[in-house]
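Below: the structure, in structure tokens.
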Amino acid sequence: MPGPTATPSPLNTRRPIRQKPRIINTTDLGADPDDEQSMVRFLVCSNEFDTEGLIVATGCWKKSQSNTNMLDKIVNAYGQVYDNLKNHADGYPTPEYLRSISVMGQRGYGMGDVGTGKDSTGSEMIIAAVDKDDPRPVWVGGWGGVNNVAQAVWKVQKTRSAAELKKFLSKLRVFDILGQDDAGAWLAKNFPDLFYIRATGVYGWQPSKNDPYLRTHIQSHGPLGAVYPNTKWATEGDTPAFMHVYPNGLNDPGQIDQGGWGGRFSFTKKANIKSMSGVKTEMRFAPYSMYGNTSDGAKAIKRWSAGYNNDFEARMDWTMTSDYSKANHHPVAVVNGDTTRQVLEASASAGSSLTLSAAGSSDPDNNSLTYKWSFYQEPSSYKGPVSIKNRSSASVTVVIPSNASGKNIHMILELHDNGSPNLYAYRRVIINVK
Ligand SMILES: [Ca+2]
Ligand SMILES: [Ca+2]
């Protein structure tokens, strides 16, 4: 709530202060080496999340798993750089904590390993996380197949009442990369209320195979760089699963059509989104419906490429030194006095003007800031042009079109510092036009 001296603001700031998203990653490590790449990126970003599980999973490209050795190797590398990382940002989990949540999931493939007697440490971890007395949803990323989620939901259905199952499902969010077993179709078919995204626009946003960026800024950087393998097929295909949830100010991950670093999705469910070619048995569950990408596909990710590439680069720099002054750190974007990273809402009349101010934005390294305000047309229900005065200054005036009544206008503030590499901060203001 604004204090008594605050300037009256049209923004709705009655939202909770920033909270970390809760996340569990399930990964078919050992199939495509890109899971190892994604895990390195995830760990250097891990201060942004409450990570509640790192689960070794199967998938159509790796149909059995027997140990957590590959995961342990990457977490151990994180352990070697943890003392440096924690000097650059608050909130990094200890290596001991990450080891305690690094577990085996289902050892076998797909729905063939779901049912009586098939509970795994991973499936039990998913149940325990969702059951926690915590109002935040649990985001489970499927970097391979999702039969750990299926086993968890199967067990809850078998052992609890319909009302308890409904409550359980209401706290679960599944972000499936491409469909890598038949468990996703089973879940979507049998539990149509389950919040289930199947992302297919997951290629083309990342630096290409053998791009010098990876050698120069990632692989050359210490113990975590050393466990970032070369690309075999595509770089980091599974990374959008956590980038969608990354709390950078750009999007509310529950509002899947807003668009952020993980892409943009439609609330109109699509029927029978096909899995990867290695999955042969899912059509027995058709018809099934899931949230899928909007038509902008991976372009919805790539538009932010300077932001996420430089973010990863800077975080890898952090792993190399305990000296705060030797690396760059993210600026903080403030809009109309709101210092959180929540998406803001405002209302304005058609034909009026609305001022949005990023005054008070700052940088912990005292870098200078460059502002860019833009109208993000794709998620906006108003599709026409929107005039923005002084779009490169901290304070802008948005001219609300006279024919925008009843529509909304998504305004994005993208600011960056002049450190090396330039680091970005974002805010979104959704203007509801009266
Ligand atoms: Ca994978
Ligand atoms: Ca900075």
Side-chain angles (χ1 to χ4, degrees), residues 24-42 54-65 68 70-71 74 87-89 105-106 109-110 122 140-149 174-181 183-184 198-200 202-203 206 228-229 231-243 248-249 262 275-279 306-307 310-315 317-318 321 323-334 358 361-371 414-426:
I24 292 174
N25 301 318
T26 71
T27 163
D28 61 333
L29 279 161
D32 184 332
D34 75 339
D35 285 65
E36 295 156 70
Q37 298 176 330
S38 292
M39 189 59 73
V40 170
R41 189 194 293 247
F42 177 78
L54 300 173
I55 301 175
V56 173
T58 61
C60 59
W61 311 117
K62 186 156 179 48
K63 291 188 171 173
S64 67
Q65 291 281 17
T68 61
M70 293 187 82
L71 175 59
I74 302 168
N87 284 334
H88 294 278
Q106 308 306 108
Y109 172 70
V140 181
W143 304 9
V146 294
N147 66 346
N148 290 291
V149 180
V174 184
F175 193 114
D176 161 8
I177 298 288
L178 290 165
Q180 300 181 46
D181 67 9
R198 174 165 287 171
T200 51
V202 299
Y203 297 132
Q206 54 279 77
Y228 188 100
T231 299
K232 192 166 179 186
W233 288 286
T235 304
E236 291 188 52
D238 300 315
T239 290
F242 62 88
M243 296 293 254
N248 58 12
S275 287
M276 295 185 85
S277 61
V279 178
N310 292 2
D311 173 82
F312 191 18
E313 179 181 333
R315 288 168 181 275
D317 290 344
W318 298 355
T321 177
D323 185 345
Y324 189 88
S325 70
K326 290 213 166 83
N328 194 17
H329 307 85
H330 302 75
V332 176
V334 173
S361 298
S362 62
D363 185 85
D365 314 295
N366 292 317
N367 296 132
S368 64
L369 300 176
T370 299
Y371 300 85
E414 195 176 357
L415 64 79
H416 67 80
D417 67 17
N418 67 340
S420 178
N422 295 170
L423 288 175
Y424 287 71
Y426 309 92

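For the single chain, residues carry numbers from 1 onward in sequence order. Every number for a ligand or one of its atoms is a count from 1 in the order of the listing.
Remark: side-chain polar atoms of Q65 are paired, donor with acceptor, to backbone N or O of L29 under 3.5 angstrom. Judged by distance alone, the side chain of T58 and the main-chain N or O of S64 form no donor-acceptor pair under 3.5 Å. For D176 (side chain) and G184 (main-chain N/O), no donor-acceptor pair under 3.5 Å exists by modelled atom type.
Residue-level check: among N/O/S atoms of D28, OD1 sits closest to the Ca ion (ligand 1). Looking at D365, its N, O or S atom nearest to the Ca ion (ligand 2) turns out to be OD2. Of all N, O or S atoms in D238, the one lying closest to the Ca ion (ligand 1) is OD2. The Ca ion (ligand 2) is closest to atom O of H329 (considering only N, O or S atoms). Restricting D35 to its N/O/S atoms, the shortest distance to the Ca ion (ligand 1) is reached by OD1. Per residue D417, closest N, O or S atom to the Ca ion (ligand 2): atom name OD2.
Counting heavy atoms from C-beta outward, D181 and V146 have side chains that approach closer than 4.5 Å.
The distance from the Ca ion (ligand 1) to the nearest N/O/S atom of D32 is not under 3.0 Å. W143 lies close to the Ca ion (ligand 1), since one of its N, O or S atoms is found at a distance under 3.0 Å.
Ring orientation note: the planes of W318 and H329 are close to parallel, at an angle under 30° on the 30°/60° scale.
Rounding to the nearest 10°, we obtain 80° for the angle at the Ca ion (ligand 2) between N328 OD1 and N367 OD1.
Considering V140, L54, D35 as possible partners of N25, the one that fulfils the side-chain contact (heavy atoms from CB on, under 4.5 Å) test is L54.
No hydrogens or angles considered: a donor-acceptor pair under 3.5 Å links the side chains of Q37 and T231.
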